[in-house]
Amino acid sequence: MIGYGQTHYVYASGREGDTFHVGFSPRKADLALYGLVNLPRTDELLGRMGRHRRGAGCVWVKKLEDIDLGVLAELVTHAWETEPGTS
């Protein structure tokens, strides 16, 4: 996993910790993109991005050729500028 920035999270259960703000992980089958979901514009931007799967905490992309890289850049910028947990 490769991450940028740092954010603190607290679950409803009281469990808390620190993680990166946005990041990615190249996997054998897919590229996992973290920190891009559960934000105010997530649905709009993912709807325009192209072929992907949405997980609970990440977005899965098979190949970069399947998505609009301009929209991905907009989504990453939005995620970077938005405080996590703001939905």
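Scope of the values below: all heavy atoms of this structure, side chains included, with no hydrogens, waters or symmetry mates. Residue numbers start at 1 and run along the sequence shown. Computed from a predicted structure; not experimentally measured.
Side-chain contact between Glu74 and Leu45 is present, with at least one heavy-atom pair separated by less than 4.5 Å. For the pair Met49 and Val61, the minimum side-chain heavy-atom distance is below 4.5 Å. Between Phe24 and Tyr34, the closest side-chain pair of non-hydrogen atoms is not below 4.5 Å. Between Pro26 and Leu31 there is a side-chain heavy-atom pair separated by less than 4.5 Å. By the 4.5 Å heavy-atom criterion applied to side chains, Val71 and Ile67 are not counted as neighbours. Contact of the Thr7 side chain with the Asp18 side chain is not registered, since no non-hydrogen atoms from C-beta on lie closer than 4.5 Å. The shortest side-chain heavy-atom distance between His52 and Leu46 falls under the 4.5 Å cut-off. Taking the side chain as every heavy atom from C-beta outward, Leu72 and Leu33 approach each other to under 4.5 Å.
The two atoms that bring Gly35 and Ala79 nearest to each other are O-CB, 3.2 Å, heavy atoms only. Leu39 approaches Thr42 most closely through the heavy-atom pair N-OG1, 2.9 Å.
With hydrophobic clusters built from ILVMFWY side chains whose heavy atoms lie under 4.5 angstrom apart, Trp80 does not share a cluster with Met1. Both Val76 and Leu69 are assigned to one and the same hydrophobic cluster, defined by single-linkage of ILVMFWY side chains at heavy-atom distances under 4.5 Å.
Atom CZ of Arg48 has more than 12 heavy atoms from other residues, nucleotides or ligands within 6.0 Å.
Using a cut-off of 4.0 Å between Lys/Arg side-chain N and Asp/Glu carboxylate O, Lys63 and Asp30 are scored as not salt-bridged. Comment: Asp43 engages Arg54 in a salt bridge, judged by a side-chain N to carboxylate O separation of less than 4.0 angstrom.
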Working for side-chain hydrogen bond (donor to acceptor under 3.5 Å, both in side chains), residues His21 and Gln6:
CA-CA 5 Å; His21 193 82; Gln6 183 175 345; over 6 Å; no
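With rounding to the nearest 0.5 Å, the separation of OG1 in Thr82 from CG in Leu75 is 9.5 Å. How far OH of Tyr9 is from CD of Glu16: 9.0 Å, rounded to the nearest 0.5 Å. Taking CG of Leu36 as the start and SG of Cys58 as the end, the distance is 9.0 Å to the nearest 0.5 Å.
Judged as a ring pair (Phe, Tyr, Trp, His ring centres under 6.0 Å), and not counting sequence neighbours, Tyr4 has no contacts. Remark: Trp60 pairs with no residue by the ring pair (Phe, Tyr, Trp, His ring centres under 6.0 Å) rule, at least two apart or across chains.
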